[in-house]
Amino acid sequence: MKAITSLKISISGVRGIVGESLTPILISNFAQSFGTYLNSGLIVVGRDTRPSGGMVKKAVLSGLLSSGCWVVDIDIAPVPTIQLMVEELKADGGIAITASHNPVEWNALKFIRSDGIFLNSYQAEELLDIYHQGDFKKVENYKIRDVKKEDKAIENHIKKILKFVDVDLIRKRKFKVAIDTCNGAGSLATPLLLKELGCKMAGINLEPTGIFQHPPEPLPENLKSLSKFVKEKDADIGFAQDADADRLAIVNEKGVPVGEEYTLVLVVDFILSQKRGTVVTNLSTTAAIDDVANKYNCKVIRTRVGEVNIAEKMKKEKAVIGGEGTGGIIFPEVHFGRDSLVGIALVLWSLASKKTKISHLIESFPQYRIVKRKIAADSTKIPTIIKNLKEEYRDEKLDLTEGIKIIRDNLWIHIRPSNTEPVIRIISEGKTEKKAEEATEEILNKIKKCFKNKE
Ligand code: MG
């Protein structure tokens, strides 16, 4: 039974525990479905550093080749590097092999389309239909090609980033930077980027082994060793990435993690100070983004949670900057993927141009605290719970784009069903943690009351 419960097939791809639910046959069938979906096109494949990555990649390559695809293998690379390579090679799509911030025993396939953005929910449904029907394209054996290896993907990615930042200004500051790449996909790329930016770098967890020394999510509680290291090295700033290097968290020069939300706040402020335009972020990201955008008379558009939702909206609205409060920066001049390397370059550029310390820069922004909770709920009951909450709060200012978001003065609460598990997520933000906690409790009580009434 374990094998079934640990497999998650959803619009964000397929993930599971390797050797239990994520088997070579399943992986190969999914890759073959993608090859069928793209009609044997050119596909870029890359992976993070997990020890299972080599095996999963071989199964992916096998599935793609059997459906007649041309395949370019860039091997270990950040997810944004894979996304960018799809665009650079004018490929038809890509597969990123990574379970991002999940524990090491997990792995996953994420599907990228020709513009470097992940499949949206409609496209993912089409792919799932092909998989479930099992009607895969197979080519005759003499038409099966070989895999082409490409080792310039990281170099290309860094070159592209350097085109869009003031490299000379950053180099002049000779920043001392401490990094924690979490033994993940950023381990190879990040030191190269920092070298190009003239930084003196010191790092921990730099070996690309996929053996994580702490949970691979750059939350403050996982950054204790980086905090210590920043102080030891007397660094100007510390950066932490997750295992596939799309998320970026900052530790200030005093060794204090500033929280992932503020990576996006800082970058939005800096980009808008140079170029006015629309900002796109999701409903669960800090209101400090709105405060910063107001300062520049710029519009903020909020989308459903999920990278593809933000990326598609940014493209449509020609946004100048966007991303997610979980440290995911999307800077469209480089590409439409969440990119921690882009984030590092923009944060350093901002610091260099403002000639201040990172702690002062962060303190200059409006301060809020976010509390995130989840509550287990039978998935058949979740729509009723959300409906009841909409009724209960109908007289308040609401955003109903996804679940329900209640917006008050200096406080908001976003309640939404999870896309990946049978839980309701409650994200609250207030001026203090206490205010956010109180708001969360209020919602939890309403939900409990709803359960009781149904019994
Ligand atoms: Mg990630």
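Since the structure is predicted, the reported quantities are computational estimates derived from the model, not experimental observations. First listed ligand is number 1; within each ligand, the first listed atom is number 1. Numbers here are sequence positions counted from 1.
In terms of distance to the Mg ion (ligand 1), the nearest N, O or S atom of Asp246 is named OD1. Nearest to the Mg ion (ligand 1), among the N, O or S atoms that Asp242 has, is OD2. The atom of Asp244 that is an N, O or S and sits closest to the Mg ion (ligand 1) is OD1.
The Mg ion (ligand 1) lies at 2.8 Å or more from every N, O or S atom belonging to Thr98.
The number of heavy-atom neighbours closer than 6.0 Å to NZ of Lys354, taken from other residues, nucleotides and ligands shown, is above 12.
In this structure, Tyr131 and Phe30 have parallel ring planes: the angle between them is below the 30° cut-off, well short of the 60° mark.
Although no hydrogens or angles enter the test, the distance criterion places a donor-acceptor pair under 3.5 Å between the side chain of Thr23 and the main chain of Leu26.
Side-chain contact annotation: Asn107 with Arg15, donor-acceptor N/O pair under 3.5 Å absent.
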